[in-house]
Student: 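Quick one: the structure is below, questions incoming.
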2 protein chains.
Amino acid sequence: MAELTPTSQELRLTSPLLGYLERRIRVEAESELAAFGLRPRHVIALTVLRQIGEGSQADLATALKIDRTNLVGLLNELEDQDLVERRRSHEDRRRHMVGLTDAGVEKLSEVEAALAKVESRVLAGLDGDEQASLYSLLEQAAAGLGVSCSEPPPGDC
Amino acid sequence: MAELTPTSQELRLTSPLLGYLERRIRVEAESELAAFGLRPRHVIALTVLRQIGEGSQADLATALKIDRTNLVGLLNELEDQDLVERRRSHEDRRRHMVGLTDAGVEKLSEVEAALAKVESRVLAGLDGDEQASLYSLLEQAAAGLGVSCSEPPPGDC
DNA sequence: TATTGTTATACTCTATAACTATA
DNA sequence: TATAGTTATAGAGTATAACAATA
């Protein structure tokens with residue numbers, strides 16, 4: 001068994017903190033979302049769908065960075081709740097165009113309000129200015145990675 | 001299909017950004033860790049083990065906040081690589097005391113250096129001061145939730 | 001009886017291969 | 001032939017129930 005020396009180099013990695021907070025928010029959010037009959041993946045899909053507007057399932061899968069095969073069941077569940085709608089494309093009958101329903105838009109707003117409460121609870125250790133700083137730092141870091149792009153740039157976007 | 005109005009309330013949730021960056025770091029870290037024959041769970045276990053020192057499997061499971069049943073296989077894999085050691089306790093022969101080996105301590109240092117590189121790549125959009133700000137904001141938020149506590153305080157710690 | 005480690009089992013999330021219908 | 005959606009399947013990660021050894 002190793003003798004623990006106090007020589008631990010203390011690398012100050014931010015990723016463990018990032019991962020910890022992400023997990024805390026996710027766990028609390030899951031409880032909150034259960035009341036809506038939704039899981040995190042559903043909310044992400046609805047959010048992206050609102051951003052990109054109507055598109056094919058392949059488009060949505062690309063935007064969500066999940067496999068198209070896993071998208072099928074996800075959309076089935078959202079369609080069962082009438083939150084999204086699939087229509088066969090007239091131009092290319094292989095394609096299913098997907099979009100939010102009115103009920104989907106409304107439910108997403110309610111969910112976001114609930115998530116904002118969870119978030120303020122988890123970030124309670126920070127005051128308003130600090131929360132704003134955190135947001136802008138994260139946004140800047142994400143922007144440096146090429147988020148909010150429609151075509152795959154240098155990296156995988 | 002819903003008509004998209006520009007009335008989206010723009011709630012500015014930080015959790016999606018947090019989740020996005022966490023995922024980016026995790027995916028890149030997984031590739032890096034594969035070279036060491038390790039996955040994220042292994043690194044987390046080694047890190048916590050270095051922090052808390054030698055302890056029973058139940059202690060380690062509590063510190064890791066994972067189920068003791070899942071810890072068994074994890075420790076088997078780490079023991080196969082001679083990174084940790086299980087010894088039966090003399091005081092209570094039901095207990096297996098677990099600790100890092102010298103090889104485990106050394107490998108963890110190498111892994112941390114590799115992870116620091118991944119991190120600086122993902123956070124390249126931020127300069128040195130901004131990365132330091134991000135770290136301290138995350139630390140403060142985590143501290144507000146009762147991290148770095150040995151006994152379960154108000155929350156689940 | 002209670003606890004430690006263990007095994008077996010199930011459920012979710014994710015990734016891959018193969019099928020269908022269209023092009 | 002290639003592509004969009006689908007299905008089936010397998011692998012991780014996680015959680016619960018039951019068991020053997022020990023207290």
Side-chain angles (χ1 to χ4, degrees), chain A residues 19-20 22-24 26-31 33-34 37-45 48-49 52 54-80 84-99 156, chain B residues 19-20 22-24 26-31 33-34 36-46 48-49 52 54-80 84-99 156:
Chain A
Y20 176 77
E22 186 275 336
R23 184 188 169 106
R24 284 295 296 251
R26 177 164 42 81
V27 169
E28 290 210 36
E30 276 166 2
S31 321
L33 291 178
L38 298 174
R39 273 165 296 157
R41 323 187 68 236
H42 299 124
V43 178
I44 296 171
V48 168
L49 213 37
I52 68 175
E54 187 178 326
S56 73
Q57 292 188 195
D59 293 338
L60 185 54
T62 301
L64 286 170
K65 292 183 221 336
I66 71 174
D67 203 275
R68 63 194 171 134
T69 64
N70 297 320
L71 183 59
V72 176
L74 188 57
L75 287 179
N76 289 344
E77 292 163 357
L78 291 173
E79 216 175 21
D80 288 344
V84 305
E85 206 176 56
R86 275 191 263 220
R87 286 187 301 97
R88 212 168 258 289
S89 165
H90 296 302
E91 292 83 12
D92 184 343
R93 287 186 46 74
R94 291 174 303 184
R95 280 191 169 81
H96 275 171
M97 303 303 285
V98 186
D156 63 356
Chain B
Y20 176 77
E22 186 276 336
R23 184 188 168 107
R24 284 296 298 251
R26 178 164 42 81
V27 169
E28 291 210 34
E30 276 166 2
S31 321
L33 291 179
F36 293 92
L38 298 173
R39 274 165 295 156
R41 325 187 68 236
H42 299 124
V43 179
I44 296 171
L46 293 175
V48 168
L49 213 37
I52 67 176
E54 188 179 325
S56 72
Q57 292 188 194
D59 292 339
L60 185 53
T62 301
L64 286 170
K65 292 183 218 343
I66 72 174
D67 202 275
R68 65 193 169 138
T69 64
N70 297 321
L71 183 59
V72 176
L74 188 57
L75 288 179
N76 289 345
E77 293 162 356
L78 292 173
E79 217 175 19
D80 287 345
V84 304
E85 205 177 57
R86 274 191 265 220
R87 285 187 303 97
R88 211 168 258 291
S89 164
H90 297 302
E91 291 84 12
D92 184 344
R93 287 187 46 73
R94 290 174 303 184
R95 280 190 169 84
H96 275 171
M97 302 304 284
V98 186
D156 62 357

Student: Just to be sure I understand the rule, does A:N70 reach a base, reach only the sugar-phosphate, or reach nothing, if contact means heavy atoms closer than 4.0 Å?
Tutor: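 Contact class for A:N70: base.
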Student: Using the closest heavy atom to pick a nucleotide of DNA chain D for each, name whichever of A:R23 or A:L71 lands nearer the 5' end.
Tutor: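 It is A:L71 whose nearest nucleotide is closer to the 5' end.
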Student: Find the distance A:L60:CG to D:dA4:C1' and express it as a whole number of Å.
Tutor: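 One finds 13 Å between C1' of D:dA4 and CG of A:L60, rounded.
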Student: For A:T69, answer base if it contacts any base atom (sugar-phosphate contacts may also be present), sugar-phosphate if it contacts only those atoms, and nothing otherwise; contact means non-hydrogen atoms under 4.0 Å.
Tutor: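 The answer is base, as A:T69 lies within the cut-off (heavy atoms under 4.0 Å) of a base atom.
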Student: How close or far is atom P of D:dT14 from atom CZ of B:R39, stated in whole angstroms?
Tutor: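 Interatomic distance, CZ of B:R39 to P of D:dT14: 10 Å.
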Student: Looking at A:R93 and C:dT22, is any side-chain donor or acceptor paired with a base atom of the opposite kind under 3.5 Å?
Tutor: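 Per atom types, no contact qualifies.
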Student: Could you give the CD-to-P distance, from B:Q57 to C:dT7, as a whole number of Å?
Tutor: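 The distance from CD of B:Q57 to P of C:dT7 comes to 11 Å, rounded to the nearest Å.
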Student: Looking at A:R87 and A:M97, would you say the former's side chain and the latter's main chain have a donor-acceptor pair under 3.5 Å?
Tutor: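 Checked: no pair found.
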Student: Return yes if the base of D:dG5 and the side-chain atoms of A:R68 contain a donor-acceptor N/O pair under 3.5 Å, otherwise no.
Tutor: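 Indeed, a donor on one side and an acceptor on the other fall under 3.5 Å apart.
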Student: Please report, rounded to the nearest Å, how far the P atom of C:dG5 is from the CD atom of B:E79.
Tutor: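 Whole-Å distance recorded here is 13 Å.
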Student: Can you find a side chain N or O atom of B:R88 that sits less than 4.0 Å from OP1 or OP2 on C:dG5?
Tutor: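 B:R88 to C:dG5 OP1/OP2: no side-chain N or O under 4.0 Å.
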Student: Given atom NE2 of B:H96 and atom C1' of D:dA21, what is their separation to the nearest angstrom?
Tutor: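 Taking atom C1' of D:dA21 as the reference, NE2 of B:H96 is at 10 Å.
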Student: Find which nucleotide of DNA chain C each of A:D67 and A:P40 is nearest to by heavy atoms, and output the residue with the more 5' nucleotide.
Tutor: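 Checking each residue's closest nucleotide, the 5'-ward one belongs to A:P40.
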Student: Hey, does the side chain of B:R95 come within less than 4.0 Å of D:dA21's phosphate (OP1/OP2), counting only N and O?
Tutor: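 It does not, given that no N or O in the side chain of B:R95 lies less than 4.0 Å from OP1 or OP2 of D:dA21.
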Student: Looking at B:R86, I'd like to know whether one of its side-chain N or O atoms comes within less than 4.0 Å of OP1 or OP2 on C:dT6.
Tutor: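 Result: yes.
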Student: For A:A63 versus A:V48, what's the shortest heavy-atom pair and its separation?
Tutor: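 Taking every non-hydrogen atom into account, CB-CG1, 3.6 Å.
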Student: If you take all heavy atoms of A:L74 and A:H42, which pair is closest and at what distance?
Tutor: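 The pair with the smallest heavy-atom distance is CD1-CD2, 3.1 Å.
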Student: Using modelled atom types and a 3.5 Å cut-off, is there a donor and acceptor pairing between side-chain atoms of A:R88 and backbone atoms of A:R93?
Tutor: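 Between the backbone of A:R93 and the side chain of A:R88 there is a qualifying donor-acceptor contact (under 3.5 Å).
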Student: If I take atom CZ in residue B:R94 and atom C1' in nucleotide C:dT1, what distance separates them, rounded to the nearest angstrom?
Tutor: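 That distance rounds to 11 Å.
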Student: Can you measure B:E77 atom CD to D:dG13 atom P for me and round it to whole angstrom units?
Tutor: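 Whole-Å distance recorded here is 8 Å.
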Student: Give me the atom names and distance for the closest heavy-atom approach of A:E79 to A:E85.
Tutor: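 Scanning both residues completely, I find the closest heavy atoms to be OE2-C, 4.1 Å.
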Student: Taking the nucleotide of DNA chain C with the closest heavy atom to each, which residue, A:I66 or B:N76, is nearer the 5' end?
Tutor: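 Nearest nucleotide further toward 5': that of B:N76.
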Student: Atom CZ of B:R26 to atom P of D:dA12: distance rounded to whole Å?
Tutor: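 The answer, rounded to whole Å, is 16 Å.
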